[in-house]
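For reference, the structure is listed below as structure tokens.
Quick note on labels: first sequence line is chain A, next is B, and so on, each numbered from 1. The basis for the numbers below is simple: all heavy atoms, side chains too, and nothing from hydrogens, waters or symmetry mates.
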Number of protein chains: 2
Amino acid sequence: MSEVIPLKILDSARCGAKDSFCNQCKVRKRSFCSALDDVEIGELSAISSQKTYHAGETIFEEAAKISRFANIIEGTVKLSKLLPDGRQQITGFLFPGDFVGKIYSENHTTFVEAVTKTQICTFAQGSLENLLERHPHLTRRLFGLSNQSLERAEEWMLLLGRKTAREKIGSFLLLLSQRASERGDDPDNIHLAMGRADIADYLGLTIETVSRQISKLKTEQVIRLGAGNIVHLNDREALQELAEGA
Amino acid sequence: MSEVIPLKILDSARCGAKDSFCNQCKVRKRSFCSALDDVEIGELSAISSQKTYHAGETIFEEAAKISRFANIIEGTVKLSKLLPDGRQQITGFLFPGDFVGKIYSENHTTFVEAVTKTQICTFAQGSLENLLERHPHLTRRLFGLSNQSLERAEEWMLLLGRKTAREKIGSFLLLLSQRASERGDDPDNIHLAMGRADIADYLGLTIETVSRQISKLKTEQVIRLGAGNIVHLNDREALQELAEGA
DNA sequence: CGGGCTCTTGACTCAGCTCAAGATTTGTGG
DNA sequence: CCACAAATCTTGAGCTGAGTCAAGAGCCCG
């Protein structure tokens, strides 16, 4: 979180300028914006604005009317759904470069909340959808991302409905590792930005079960816990087998 | 299933003709094709062809390269994912009017299998994606359907991760009822096209638990089981409360 | 009308939950 | 930099909802 660009600098770099903020954005190459070239990106810059949230702050309310989309620049975000009595299911975690929102939809369908201090780049719904009309390849890119979200959701349904607690923890660690590697981070020393409660709500478990399973993997030397919520994956092979019930 | 149009008639009505098959298609108004007017639909007709599958037949293999998309005309279809040891999770059921396939994706991500005798209308990937370039409103429609799938997946993650067996069965019956009503069928007398095993694999339960919970609802007079796998919803209110844990 | 399904029901087991302490980490003010 | 309160995490003991195993009841369909 120490690398979050202070808001002041962001504000002075507000988009719309020829020399757009986007061109020096640290997630430019990884996010949906990479579908636009250096000239086209100016149009996106022109309709974007940045915002920072503290850990725990709500970014979008569940069922709220969609008015803006967002791109995560820095931080970790969770998407969740609630039952009337307070039971929670986290449907996904988002990381830098990830897109938030459903194109051509009326309403949000999940809570969107900052897990850590988070910096996002937002676009008004109309402006972005208007931009899509003129750039079919951008539409295709966002359609692709939407499909990717669906694939991840399907994979998670398999986990929630059919995997054991041990398999769930294994799968979770591998997912974080894979996503870290996509971002260019070290896949063997992963940072757990979220607490046990969020992990439990993501895996359909209780915090006690999460804690016990992690302790067990530690005892078995499959993982090692370091300072600053770092998990070292000692034995990726073992983790992979365990995640699918071998 | 008695209303399935015999293949012979279908073949003679093959699309491409001015007076397209689509214009007399029984799911025309409900499926993605409704985004096209009576002239435009001719283009879709020209690239479509029909096919029938028997119960249990595979329509698309998991992880297979996408070469065709499909629209369900008649029957019930299941989407599922498997673990190496055979555990199965059904990620969704599809009904007449539903679209199958991920636009702008490389591969399928689930098995697609006929639950009952099923009739589909298929389109070659390239042809349909080509059509999308010329009809942005069709793209928007399919994007909307993709979002709807994602919303349903999120809802199901909440069910799989956080609901009790009783709540799961209640939610399942209400889902079938809602989908039946969208199709213009009676929402209070729903047809269970799938067996207990498929219900169990959809809800993350065992067949015994599914059977016990259904029996319990029957004893409590919330539902009544009729001939031909019909479930009568006697008390929709009770079902609704029970589905969310009231 | 009989063989092979699927579905139901019962008895028992167990993975993961609940409840309850402690231990560790984090944040805060002096 | 330390003390100490609050929050989070770990661990233990016992419980329970759903799973497993097993037997019997319906119900197609030839």
With the threshold set at under 4.0 Å for non-hydrogen atoms, list the residues of [range] touching DNA chain D in residue-number order.
| range | value |
| --- | --- |
| residues 156-174 of chain B | B:T164, B:A165 |
| residues 202-214 of chain A | A:E208, A:S211, A:R212 |
| residues 220-228 of chain B | none |

By side chain to side chain donor-acceptor pair (under 3.5 Å) - contacts of [X] (at least two apart):
| X | value |
| --- | --- |
| A:Q88 | A:S80 |
| B:E57 | none |
| A:E154 | B:K102, B:T109 |

What I'd like to find out is whether the side chain of [X] reaches to under 4.5 Å of the side chain of [Y], using heavy atoms alone.
| X | Y | value |
| --- | --- | --- |
| A:L242 | A:L217 | yes |
| B:L173 | B:I223 | yes |
| B:I199 | B:F172 | yes |
| B:I190 | B:L233 | yes |

Among B:V112, B:L94, B:V77, whose side chain to side chain contact (heavy atoms under 4.5 Å, CB included) with B:T118 holds?
-> B:V77

[X]-[Y] side chain donor-acceptor pair, cut-off 3.5 Å:
| X | Y | answer |
| --- | --- | --- |
| B:S146 | B:S149 | no |
| A:E244 | A:Q240 | no |
| A:R68 | A:T122 | yes |

Ring pair (Phe, Tyr, Trp, His ring centres under 6.0 Å): pairs with one or both residues in residues 79-101 of chain B, sequence neighbours excluded = B:F32-B:F99, B:F69-B:F99, B:F93-B:Y202

Could you give all pairs that pass the ring pair (Phe, Tyr, Trp, His ring centres under 6.0 Å) test and reach residues 215-239 of chain A, with sequence neighbours left out?
-> none

Can you list every pair that meets salt bridge (charged side-chain N to carboxylate O under 4.0 Å, His left out) and has a residue in residues 161-175 of chain A, with sequence neighbours left out?
-> A:R162-B:D201, A:R166-A:E220, A:E167-B:R87

Given axes from five pairs at either end, by how many degrees does the helix from C:dC1-D:dG30 to C:dG30-D:dC1 bend, rounded to 10°?
-> 50°

Provide the start and end nucleotides, 5' to 3', of the part of DNA chain C that has atoms under 4.0 Å from heavy atoms of chain A.
-> C:dG16 to C:dC19

Using the test side chain to side chain contact (heavy atoms under 4.5 Å, CB included), find all partners of A:N107 that sit at least two apart in sequence or belong to another chain.
-> A:K65

